[in-house]
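Reviewing the structure listed below.
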Amino acid sequence: MFRTKRSGLVRRLWRSRAPVEGDGETDRGTHGSGGCCMGKTTKVAKSNAGSEAELKALTHSILKKIKEKQLEVLLQAVESKGGARSPCLLLSSKVDAKVGQQSYSLPMLLYKVFRWPDLRHSSELKRLSCCESYGKINPELVCCNPHHMSRLCELESPPPPYSRYPMDYLKPPDSLALQESGERAHWCVVAYWEEKTRVGRLYSVQEPSLDIFYDLPQGNGFCLGQLCSENKSPLVQMVRAKIGYGIQLTREPDGVWVYNRSCYPIFIKSATLDNPDSRTLLVHKVFPGFSIKAFDYDKAGSLQRPNDHEFTQQPRTGFTVQISFVKGWGQCYTRQFISSCPCWLEVIFNTR
């Protein structure tokens with residue numbers, strides 16, 4: 001039977017859908033247990049044959065209505081798992097789809113099929129700043145590219161209220177003023193560590209968004225794989241190989257967000273995620289595909305230097321966010337300090 005290119009693209013897309021718990025294909029890095037505080041995910045039981053067939057028929061019928069070039073864009077994003085830069089997939093936001101008794105908008109259906117089968121509501125999502133629909137309210141056409149979205153990381157308990165102090169110098173620096181004064185207009189610097197040893201130079205960040213990765217098909221940024229490391233520890237080498245697409249660090253109007261692009265959890269400690277009076281800040285576990293506001297400008301403006309032992313031991317001024325790949329540390333782990341983690345980052349904010 002003669003098969004069109006469009007039909008072939010649709011079949012490839014369906015084969016690349018996100019696995020559901022119980023089908024034997026679930027990425028072991030997507031879910032997990034343990035950790036003090038984490039992005040919560042709900043495991044979805046494998047659907048019965050009837051609902052699976054209904055979802056397949058619905059998805060096929062919708063995809064066949066999409067232009068061939070747009071199908072190619074979607075396929076590029078889905079097959080590369082977001083590793084390849086893909087343009088926006090602008091489709092009508094008014095098209096609804098119904099699976100069983102549940103109705104979904106077209107974007108929600110594509111997000112569920114190709115990224116998060118357990119997704120329930122759009123309030124669980126955060127659009128990435130690289131997307132054309134970022135910051136727009138109810139546009140006629142909305143980006144439906146599943147890899148232009150991230151899942152919001154919910155904390156197990158919200159941080160307590162903060163007291164206000166006049167510390168305006170902690171707010172994001174005025175880049176234009178820095179340029180006029182002849183200073184380098186960076187908003188943060190990033191250091192990469194393997195256990196207690198820093199590897200490579202400090203990476204100065206001027207652009208609003210930075211990819212930090214070990215191996216990425218397409219992308220510019222801080223490539224950890226190009227750094228020369230003399231560490232021969234099997235654990236370090238194992239974790240280094242799992243960094244993969246790494247993280248995306250983005251400076252946005254409300255703070256600094258971290259998006260986990262890898263296939264394994266990352267772990268984050270920040271003074272604005274917890275009680276600033278605590279002597280030990282919690283380490284937050286962030287699953288693949290999730291975003292977390294790692295540094296909040298408004299809360300930072302209310303804080304004095306945190307009491308946390310690891311932070312007070314640092315010689316640098318200003319505020320720091322610590323991020324470990326794959327392995328956690330702190331109260332819930334055998335590693336008490338981040339310097340015991342195989343591969344980790346230190347993000348130091350420019351507070352001048």
Side-chain angles (χ1 to χ4, degrees), residues 1-21 23-27 29-30 44 47 51-97 99 104-119 122 125-134 139 141-151 209 211 213 215-221 244-246 248 259-263 288-291:
M1 181 185 293
F2 176 73
R3 293 177 177 175
T4 65
K5 180 179 180 181
R6 180 190 298 274
S7 297
L9 291 171
V10 170
R11 286 195 302 276
R12 285 176 63 186
L13 279 165
W14 179 250
R15 288 197 298 268
S16 301
R17 69 193 185 279
V20 177
E21 183 72 18
D23 65 4
E25 299 177 11
T26 305
D27 188 337
T30 302
V44 179
S47 55
S51 60
E52 176 79 0
E54 183 181 7
L55 179 62
K56 180 177 180 180
L58 177 63
T59 305
H60 274 65
S61 68
I62 287 176
L63 292 178
K64 286 177 180 178
K65 295 176 184 176
I66 298 175
K67 294 178 181 178
E68 196 172 285
K69 290 288 186 184
Q70 292 177 315
L71 287 176
E72 291 174 347
V73 166
L74 180 59
L75 185 65
Q76 179 190 29
V78 170
E79 288 191 336
S80 71
K81 300 189 179 192
R85 294 282 184 186
S86 56
C88 287
L89 178 63
L90 296 173
L91 301 171
S92 173
S93 59
K94 297 179 180 179
V95 177
D96 288 332
V99 181
Y104 300 101
S105 65
L106 176 56
M108 279 289 289
L109 178 68
L110 295 182
Y111 303 153
K112 282 179 66 68
V113 170
F114 294 111
R115 296 239 24 212
W116 302 286
D118 63 327
L119 184 64
S122 59
L125 298 172
K126 180 185 184 300
R127 194 170 294 280
L128 300 175
S129 61
C130 64
C131 183
E132 286 182 30
S133 298
Y134 176 75
L141 296 177
V142 65
C143 177
C144 298
N145 188 327
H147 288 277
H148 283 192
M149 301 296 291
S150 65
R151 196 90 175 259
S209 181
D211 289 330
F213 56 93
D215 181 25
L216 190 64
Q218 297 176 14
N220 298 315
Y245 295 175
Q248 189 174 82
Y259 169 46
N260 184 4
R261 304 182 68 188
S262 74
C263 293
F290 279 72
S291 284

Let me have the donor-acceptor pairs involving side chains of residues 109-117, under 3.5 Å, with sequence neighbours excluded, atom names and distances please.
| from | atom 1 | to | atom 2 | distance (Å) |
| --- | --- | --- | --- | --- |
| Tyr111 | OH | Cys143 | O | 2.9 |
| Lys112 | NZ | Pro117 | O | 2.8 |
| Lys112 | NZ | Leu119 | O | 2.9 |
| Arg115 | NH1 | Pro146 | O | 3.1 |
| Arg115 | NH1 | Met149 | O | 3.0 |
| Arg115 | NH1 | Tyr259 | OH | 3.3 |
| Arg115 | NH2 | Tyr259 | OH | 3.3 |

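- Side-chain contact between Leu141 and Ser133 is absent, with no heavy-atom pair separated by less than 4.5 Å.
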Trace of the side chain to side chain contact (heavy atoms under 4.5 Å, CB included) decision for Arg12 with Val78: CA-CA 10 Å; Arg12 285 176 63 186; Val78 170; over 6 Å; no
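- The line from OG of Ser209 to CG of Asn220 is 11.0 Å long, rounded to the nearest 0.5 Å.
- Smallest separation of non-hydrogen atoms from Asn145 and Pro87: ND2-O, 3.0 Å.
- Without hydrogens or angle criteria, Arg261 side chain to Gln248 main chain gives no donor-acceptor distance under 3.5 Å.
- In terms of modelled atom types and a separation under 3.5 Å, the side chain of Ser262 and the main chain of Gly244 share no donor-acceptor contact.
- Note that CD of Glu132 is 4.0 Å distant from SG of Cys88, once rounded to the nearest 0.5 Å.
- Formation of a donor-acceptor pair under 3.5 Å by the His147 side chain with backbone atoms of Gln76 is not found in this model.
- Between Leu128 and Ser291, some side-chain heavy-atom pair lies under the 4.5 Å cut-off.
- Here side-chain hydrogen bond (donor to acceptor under 3.5 Å, both in side chains) pairs that include residues 57-75, with residues two or more places apart or in two chains, are Lys5-Glu72.
- Note that the CG atom of Leu75 and the CG atom of Leu13 stand 4.5 Å from one another [nearest 0.5 Å].
- Residues satisfying the side-chain hydrogen bond (donor to acceptor under 3.5 Å, both in side chains) criterion with Arg6, sequence neighbours excluded, are absent altogether.
- Distance CG/Leu91 to CD1/Ile62: 10.0 Å, rounded to 0.5 Å.
- If you take OG on Ser80 and OH on Tyr245, they are separated by 5.5 Å, rounding to the nearest 0.5 Å.
- Side-chain contact between Met108 and Leu125: present, with at least one pair of heavy atoms (C-beta onward) separated by less than 4.5 Å.
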Side chain to side chain contact (heavy atoms under 4.5 Å, CB included) between Ser16 and Lys81, worked out: CA-CA 9 Å; Ser16 301; Lys81 300 189 179 192; over 6 Å; no
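- Inter-residue side-chain proximity for Asn260 and Pro288 is flagged as met; some heavy-atom pair is nearer than 4.5 Å.
- For the pair Arg11 and Trp14, the NZ or CZ position fails the cation-pi test of under 6.0 Å to the six-membered ring centre and within 45 degrees of the ring normal.
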